[in-house]
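Structure record follows, encoded as structure tokens.
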Amino acid sequence: MIDQEKIKAAVTQLLEAIGEDTSRPGLVDTPDRIARMCTELFGGMEQTAAEPLSKRFPVDSSDMVLEKDITFYSMCEHHLLPFYGKVHIAYVPDGQVVGLSKLARTVEVFARRPQIQEQMTSQIAAAIMEELHPKGVMVMVEAEHMCMTMRGVKKPGSKTVTVSTLGCFETEEGLQTRFFQMLRP
């Protein structure tokens, strides 16, 4: 559970450590604001993908389902700076599908944690495979990392792309090709 009091104390210490006066008007409420923000940004720590993926519908088709351009925001676990972008999810149903909003909610579960993109991509794919039991799943994440934009190499606009394939997407190259073709505008 997120401990807001500890967060407030830590933010106060951080501000003092960088030489700020935590009693000045612009900073008085900052520890509280950041504690509330952390509850939102790291809310995925208290969630699992089982909940959003539990509501399923029967289907006769086994054609690929693709939900693309799911916007997400996450925090890099190495620098606690944001990374953000788009997630594209495809799966081949095996008798059942989930509501499309449930895929976006699944992304949020994993994005709302201190995270690295590579791990988040794999976690989303594994959760869909485990909970929905499709014939296969493919997840692609495209993101810009503020740890590369604001600091370090300072290369704004660069994107990191990660892909995870499971089940029939691992073995059927044609499905991967179709996935990439469907992503084109």
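By convention here, the first residue in the shown sequence is residue 1. Values below: every heavy atom of this structure, side chains too, minus hydrogens, waters and symmetry copies.
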Return the minimal non-hydrogen interatomic distance between [X] and [Y], and the atom names on each side.
X    : Y    : answer
S74  : Q115 : OG-CB, 3.6 Å
T12  : P31  : OG1-CG, 3.4 Å
C147 : C76  : SG-SG, 4.3 Å
T30  : G26  : OG1-O, 3.4 Å
A90  : F179 : CB-CD1, 3.4 Å
I124 : F110 : CG1-CD1, 3.8 Å

Determine yes or no for a side-chain-to-main-chain donor-acceptor pair under 3.5 angstrom, with [X] supplying the side chain and [Y] the backbone.
X    : Y    : answer
R56  : E131 : yes
E144 : Y84  : no
K68  : M182 : yes
Q96  : L132 : yes

Pairwise side-chain contact, [X] with [Y], heavy-atom cut-off 4.5 Å (strictly under):
X    : Y    : value
K102 : S54  : no
Y73  : L41  : no
L175 : M138 : no
L103 : V98  : yes
L66  : L183 : yes
H133 : D94  : no
L100 : V65  : yes

[Y] reachable from [X] in the ILVMFWY side-chain graph, under 4.5 Å edges:
X    : Y    : answer
L53  : M129 : yes
V161 : F169 : yes
M148 : L81  : no
L80  : V153 : no
M140 : V87  : no

Legend entry - Carboxylate-amine/guanidinium proximity below 4.0 Å for R105 and E108: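 No.
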From [X] atom [atom1] to [Y] atom [atom2], the distance as rounded to the nearest 0.5 Å:
X    : Y    : atom1 : atom2 : answer
I2   : I7   : CD1   : CD1   : 6.0 Å
M64  : R178 : CE    : CZ    : 4.5 Å
C38  : R112 : SG    : CZ    : 11.5 Å
S164 : E170 : OG    : CD    : 8.0 Å
I128 : I89  : CD1   : CD1   : 4.0 Å
T22  : L14  : OG1   : CG    : 11.0 Å

Legend entry - Side-chain H-bond candidate by donor/acceptor type, R36 with T39, under 3.5 Å: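 Result is no, nothing qualifies.
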Inset, instruction - Would you check if there is a donor-acceptor pair between the side chains of Q119 and E77 at a distance under 3.5 Å? - result: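 E77 vs Q119: no donor-acceptor pair found between side chains.
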Legend entry - E142: which of H88, Q117, K86 passes side chain to side chain donor-acceptor pair (under 3.5 Å):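 Checked H88, Q117, K86 against E142; only one passes side chain to side chain donor-acceptor pair (under 3.5 Å): H88.
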Inset, instruction - Return yes when atom CD of Q181 has more than 12 non-hydrogen atoms of other residues, nucleotides or ligands closer than 6.0 Å, and no otherwise. - result: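 It does: Q181 CD has more than 12 such atoms within range.
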Inset, instruction - Using a cut-off of 6.0 Å, state whether more than 12 heavy atoms not belonging to M45 lie near its atom CE. - result: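 It does not: M45 CE has 12 such atoms or fewer within range.
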Inset, instruction - Evaluate the ring planes of F72 and F83, with Trp represented by its six-membered ring, and classify them as parallel (under 30°), tilted (30 to 60°) or perpendicular (over 60°). - result: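 The arrangement is perpendicular - the two ring planes meet at more than 60°.
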